[in-house]
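Keep in mind that what you see is a predicted model, and the values were worked out from it rather than measured. Computed over heavy atoms, backbone and side chain alike; hydrogens, waters and symmetry mates excluded. One-based numbering, in listed order, for ligands and for the atoms of each.
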Amino acid sequence: MAEKVRVGVLISGRGSNFVALEEWNRRGDRAYEIALVASNDPDARGLMAAKIFGLRIWAKSHKGMERAAFDMLMDAELRRHNVQVLALAGYMRLLSPEFIRAWEGRILNIHPSLLPAYKGLDTHRRAIEAGESFAGCSVHVVTEELDDGPVLAQAKLRIRPNETPEILAQRVLKEEHRIYPEALDTFCRTLRGEAQPTISSDLKK
Ligand code: GRF
């Protein structure tokens, strides 16, 4: 059996996408395993779940540190755990260009919009206010430009009449939890040479 790809998950908060990645991993024969959960906030809620799962954790506050210096520490820790691929899951801190270059093509992110539309924050409110018919989420490869980089998977939802950003966010989050594990698994299978790179998009009513 091929070895599993060792994934480092980076979180800053709630960590529901990280939980989805680990739960999905435990439900079948996946191409990845989570080798380390790293956080720039030692109080991040998601770290509790990581402890319960019995995963390895590295948590350190970035406060008072230069971005590149913090990233170098994190990089050393990821390498110490032989991490091969990174999955950003609500990691709310920009990564330094040096760090991104060092992991080029091996960092994935989940973003709550139909990229390339609505990069940045507050995506659901902006989409509703602009009168969009659809919202959704995207898994993409991280490049030096924020929320840019090739899209690997998307889920698309129709925005309902009078829908609030909060309700839309809940509906989209469910889709994030569905597409991120699959996209990460496919990405890792591709790395192992088992799968063709695919771009998937689907429309939910
Ligand atoms: C999600 O909406 C994700 O798309 C965005 O940050 C949020 C993280 O949520 N990048 P969680 O920490 O995974 O619950």
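No cation-pi contact links K4 to Y32, judged by a cut-off of 6.0 Å to the six-membered ring centre and 45° from its axis. For R79 and W103, the positive end sits near the middle of the six-membered ring, less than 6.0 Å away and at most 45° from its axis.
At least one heavy atom of I110 sits less than 4.0 Å from an atom of ligand 1.
Residue K119 qualifies as enclosed at atom NZ: its count of foreign heavy atoms under 6.0 Å is above 12.
Ranked by closest heavy atom to atom 6 (O) of ligand 1, the top entry among S12, S113, G90 is G90. The closest non-hydrogen atom to atom 2 (O) of ligand 1, taken over M92, E176, H111, comes from E176.
A salt bridge does not link E129 with R126: none of the charged nitrogens is closer than 4.0 Å to a carboxylate oxygen.
The minimum heavy-atom distance linking A183 with A153 is given by the pair CB-CB, 4.0 Å.
Taking any N or O of S16, backbone or side chain, at least one lies under 3.5 Å from an N or O belonging to ligand 1.
In summary, the side chains of S12 and N40 do present a donor paired with an acceptor at a separation below 3.5 Å, with no hydrogens or angles considered.
Near P112, the atoms of ligand 1 lying under 4.0 angstrom from a non-hydrogen atom of the residue are 4 (O), 5 (C). Those atoms of ligand 1 that come under 4.0 Å of a heavy atom in G15, given as number and element, are 11 (P), 12 (O), 13 (O), 14 (O).
When hydrogens are left out, the protein atom nearest atom 9 (O) of ligand 1 is R14 NH2, 3.1 Å; that is the closest non-hydrogen contact.
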